[in-house]
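Inspection log for the structure reproduced underneath, given as structure tokens.
Just so it is clear, the values below take in all heavy atoms, side chains as well, and ignore hydrogens, waters and symmetry mates.
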Amino acid sequence: MKKIKRITSVVLALSLLMTSVFALGFKTYAETRYFESGVLNDGTYTAYYLIDKDERVLYLTGDGDNLASSPDYPNAESGPFAGRTDVTRIVIEEDVLRVGDYTFANMTSVDTLEIQSNLLTDASMSTKAMSGCTGLRSIQGDSTLLSTDVLVEIVKGAVNAFTGNWLSLAMNVINIGKEGFTSDNNLENEVIAALVDDYINTGETIYFGEISDATDAYNERISNPCYYEKSFHHNYTSRITKNPGCTTEGVRTYTCSNCGDSYPEPIEALGHTYEESVLYEPTCTKKGVMEYDCIVCGDLKLSPIDALGHTPETIPGVAPTCTATGLTQGKRCSVCGETLNQQETLPMVPHTYSYSYNADSDTYSGICDNCGGILSEFDNDISALVSAVTLGKGFNSADYTAQSYAAMYDSIVKYIDLTDSSSLAYPQYAVDAKTAEILTKISELAPYLEVSVTAGAGGSATAEYNGLQNPAPQIISPAFGEGVTLRAENAEGYTFKGWYEIKTKRYLSYDKVYTFTVSTNTYLKAVFLSNATSTLTITNDSGQIVEQISKPAEEWRNMSSVEDLLPSVPYKYGYTNGRWSYNQIAVLSELRAGRNATITPAYDSLGVTLPKQPVSPDGITPAVTLTYELVNTGEKYVGSYIMAADIPDASSVVEIGTCYYKGLASDFNPLSFNLTINNKTLVSKYEGINNEGIYITNINGLTSKYNWSARGYVTYYNSDGKLATAYSNQINVIDKAAV
């Protein structure tokens, strides 16, 4: 059927009056007319509406600067003006981009729609925009703006196609469109009705061109033998007019047996029908080639075949012996024979000797358990033995008990003349046994320790050792593990306070007679307090005495505060905000009454993580590790030594502590110093065994003047009932950059 050409515009009248009103703006208009206004927003564009209540006109517009668009509404009842009967005319201003679904739905009183905007397609004016506007009779607009498609969609959306209103409105539209015809404007209504009726039923586009062309096309259409009941009823038969090939489409043509109308339909290409064959066989490492030949058109193509890959098999290894090398296990391809994993040579294994010793000649011999070879000279390492001998020779006999030093020296003398050449006569196990013997004797050395005893004003003291009474002041040198008994006597007017350890700043006993086992250098003072005085003791968090102040009660009565007597609060690892915790009134009340008082510090926890405890190597010997932390306060260093210990239940512990040694930085190099408990060291002794196994010594006032060494220790009775010491690692503090 011949296509009817479509023109894209009709000539409609413009509504100049309303455009002028909007040019004045809403404010001016509102001052002269009664109106209603509002906003429609689709999320991207905003449209404004104004209803002139007097003229019953609704205007849809933008703000003058931006395009406008009304949103889609889900149904006719949800439209913003649904059911209103107070509007008879709708004007869509020129800056409106789109009118959405159901915007003017069910406005049955509207009879005129004027479009001033450039709505060019049916997508810009929704078919559902005018749904239910059954009173619409006239559509107006500039023919350069209004699209015929839009016009038709408005008509379709406004009323049902099978009502009289449809025909009336459609004829009205055609009548308006007659002004655009180039021929006689007096087109008969019957022809218009026929054209419109034909559009309704066939979907053909209403034609607004030469009227003679329109009527000719209509007459041609209705004269077609397949056109009846206002639609076409063709009787098509088909035949193949072009056969399809492997890669080209064919054509099936359908022809109406009544009117000869026809249309083509493509037939899908058949595709190739290939026969395949192997052109080149693949190997383990090379690809093959497959050939494909189409039996229909002879098309030829090639495709690669993946390489097969190797098929590995194991090459057995050969174990090495003490007389021959061996080979590792390898791999090769069982198909092509290529080596995949090269075998590597394994070195000969050492001989495994069984040794015999001739005590008369002090000679050793060995026979290999595997090959039977005889060994009379031995390749060994005597460096550890030489180091042990050198270490033992460096000890001073005056520092140790004669018995323990002689036992060590006897072990050294037996091996002191060993040389590289003579060592060839000793197997390694014999050398190691000699080394272990010397080191054991060194560990069993019983050092003489220093015990200093003094007495403060108000009394006297004696130290009983080795059956002798030694009046204070006195320095005695008992051996490690020996016992010492101290006795104190107070003068009249004084009371014995206790045995104060000067280095650790603790009272070790409050008994006048105090017996203890010497395990470290110890410096004790018998402290006596005047009965006419009371003492303020200031301690750190762990009980060490920071300061003691004794005054007669009368002097305490004349004091209103002890704040000026208090030193700075000691540093404490893992805590902050240190302050002295005491009740001023309560402390002074005790002191004024002649009784002693104690002040201790309080801190806030920082929640630090403590070091992990070590593990005892045998369930008897304590295991000890030492770490430290230094903090630069700007004037000096403060910090802490943190000792983590595992003390088995089987260990009978005598003392737990940390020993220190300091010397002028210019003279003392900690790296060449082996710290032990008998080096006349400072010692911090801990009270009792901590359940967590963590012991902390807080330190104050480290400066760059001194270098330090520190080492944790546990003194305990071993499984033989002998007093022994287990040491931690040694920490050396060198070159502190204190300000």
Nearest heavy atoms of [X] and [Y], plus distance in Å:
X      : Y      : value
Ala650 : Gly619 : CB-O, 3.8 Å
Tyr353 : Gly373 : CE2-O, 3.7 Å
Ser684 : Gln544 : OG-NE2, 4.2 Å
Ile442 : Phe395 : CG2-CE1, 3.6 Å
Cys371 : Thr323 : CB-CG2, 3.9 Å
Arg711 : Ser728 : NE-O, 3.0 Å

* Worked check of side-chain hydrogen bond (donor to acceptor under 3.5 Å, both in side chains) between Tyr686 and Thr697 -> CA-CA 9 Å; Tyr686 300 104; Thr697 302; 2.6 Å; yes

* Please assess Thr625 against Met643 for the test side-chain contact (heavy atoms from CB on, under 4.5 Å), listing each intermediate value before the final yes or no. => CA-CA 6 Å; Thr625 60; Met643 189 173 86; over 6 Å; no

Looking just at side-chain N and O atoms, do [X] and [Y] make a donor-acceptor pair shorter than 3.5 Å?
X      : Y      : answer
Ser404 : Thr401 : yes
Thr325 : Thr345 : no
Asp541 : Tyr575 : no
Ser365 : Ser356 : yes
Ser616 : Asp646 : no
Asn679 : Thr681 : no
Ser411 : Glu437 : yes
Thr435 : Asp432 : no

* **Tyr641-Tyr660 aromatic ring centre distance below 6.0 Å** => yes

* Asked: Between Asp299 and Tyr292, does a side-chain hydrogen bond (donor to acceptor under 3.5 Å, both in side chains) hold up when you go through it step by step?
  -> CA-CA 8 Å; Asp299 181 70; Tyr292 297 89; over 6 Å; no

Flag if over 12 foreign heavy atoms under 6.0 Å of [atom1], [X]:
X      : atom1 : result
Gln403 : CD    : no
Glu265 : CD    : yes
Tyr45  : OH    : no
Lys572 : NZ    : yes
Leu391 : CG    : yes
Tyr280 : OH    : no

* Name the orientation class of the two ring planes belonging to Tyr263 and Tyr254 (parallel below 30°, tilted from 30 to 60°, perpendicular beyond 60°). => parallel

* Any idea how Tyr400 and Tyr405 line up, ring-wise: parallel (<30°), tilted (30 to 60°), or perpendicular (>60°)? ->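 Plane angle under 30°, so parallel.
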
* To do: Using a strict cut-off of less than 4.0 Å between a Lys/Arg side-chain nitrogen and an Asp/Glu carboxylate oxygen, indicate whether Arg579 and Asp604 qualify as a salt bridge.
  => yes

* Give a yes or no on whether a salt bridge exists between Glu313 and Lys331, defined as a side-chain N under 4.0 angstrom from a carboxylate O. => no

* Asked: So do the side chains of Cys294 and Cys246 get within less than 4.5 Å of each other, counting heavy atoms only?
  -> yes

* Asked: Can you find a pair of side-chain heavy atoms, one from Asn370 and one from Thr321, that are under 4.5 Å apart?
  -> no

* To do: Go through the steps for Thr285 and His310 under the test side-chain contact (heavy atoms from CB on, under 4.5 Å), then give the verdict.
  => CA-CA 7 Å; Thr285 58; His310 293 295; 3.5 Å; yes

* Quick one: CD1 on Ile620 to CD1 on Ile647, what's the gap to the nearest 0.5 Å? ->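 It comes to 14.5 Å.
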
* Asked: About how many Å separate OH of Tyr571 and CG of Asn700, when rounded to the nearest 0.5 Å?
  -> 9.5 Å

* Evaluate the side-chain hydrogen bond (donor to acceptor under 3.5 Å, both in side chains) criterion for residues Ser519 and Glu655: first the C-alpha distance (whole Å), next the side-chain angles of each, then the deciding distance (0.1 Å), finally the verdict. => CA-CA 8 Å; Ser519 58; Glu655 188 171 277; 3.2 Å; yes

* **Ala645 backbone acceptor or donor facing Gln613 side chain under 3.5 Å** =>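 Present.
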
* Under 3.5 Å, side chain of Asp293 to main-chain N/O of Glu275, donor-acceptor pair present? -> no

* Asked: Passes side-chain hydrogen bond (donor to acceptor under 3.5 Å, both in side chains), Ser354 versus Asp369? Steps please.
  -> CA-CA 7 Å; Ser354 294; Asp369 298 333; 2.7 Å; yes

* Structure fact -> From the list Val654, Val451, Leu508, side-chain contact (heavy atoms from CB on, under 4.5 Å) partner of Phe516 resolves to Val451

